[in-house]
Structures are given as C-alpha cells and as structure tokens.
Amino acid sequence: MGDADVETMIQTQVAVNGATFSLAPGEDVGALKRRIVDAVHADGAFVEFAVAGSRQISVLFTARTQAVFLVETVALDPWEGTDDTSPFGGSFDFL
C-alpha cells in the first residue's frame, strides 16, 4: 500500500504548562479555546475537555496558564478504539 492509500485524520494536541494532551476525536477546538479565554477573563476557572482514551481532563486556567494547540494530519490507526488483539498476533495462553 503506497502513501497515497494511507487514510489520515486530524489530531489536535493541547499543551498546558508543558503537559501535553491529545484531544479526543470530535472535541470542538474552537469551543475549547473560547472556554479557556472565558475562564481567564473570570480570573480563573476549571475547564473540562475530553482527551484520547475516553478520559476527561479538568484544568484550572488563570492568566498565568500557558496553553498551546498543535493541529496535525496523522495516519489513521485502524485499531484505535478497539479491543481487538489481531495487530499483536491474537491472544496467547502458554499454560
């Protein structure tokens, strides 16, 4: 399969004071940015967002919190979000 056949997806990461999180697919980046700005204007507030792995993160954003967004196109992982063991050769029981 050549590079032209590789399926891709947009992946967005946010780094908060140096800790990097991959946002969950479908997380509205524009809405998240607005919630962060609103939190800073309110002299600080917790902002929740979904990250990869079906987890929720809650971050206290203040005027001193640094947030950096990175948006990139990456190869689609066909096994992401599944419990299928096929990419690893299946289940093994050596007992």
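Note that these values count all heavy atoms, side chains included, but never hydrogens, waters or copies made by symmetry. In this text the structure is predicted, and so the values were computed from the model without any measurement.
If you take CG on L76 and OG1 on T8, they are separated by 8.0 Å, rounding to the nearest 0.5 Å. Once rounded to the nearest 0.5 Å, the distance linking CD1 of I10 with CG of L23 reads 12.5 Å. Between the CZ atom in F49 and the OG1 atom in T12 there is a gap of 12.0 Å [rounded to 0.5 Å].
Counting only residues at least two apart or on different chains, no side-chain hydrogen bond (donor to acceptor under 3.5 Å, both in side chains) pair has a member in residues 44-56. Annotation: side-chain hydrogen bond (donor to acceptor under 3.5 Å, both in side chains) contacts involving residues 28-46, sequence neighbours excluded, are absent.
The side chain to side chain donor-acceptor pair (under 3.5 Å) check on E27 picks up nothing, with sequence neighbours excluded. With sequence neighbours excluded, the residues satisfying side-chain contact (heavy atoms from CB on, under 4.5 Å) with L70 are Q13, E72. Here T65 pairs with T62 under the side chain to side chain donor-acceptor pair (under 3.5 Å) rule; sequence neighbours left out.
Between A63 and V40, the shortest heavy-atom distance links the atoms CA-CG1, 4.0 Å. Of all heavy-atom pairs between V6 and A75, the closest is CG1-CB, 3.8 Å.
A continuous path of Ile, Leu, Val, Met, Phe, Trp and Tyr side chains, each step under 4.5 Å between heavy atoms, connects F69 with V16, placing both in one hydrophobic cluster.
Other cluster members for L60: F46, joined by side-chain heavy-atom distances under 4.5 Å among Ile, Leu, Val, Met, Phe, Trp and Tyr.
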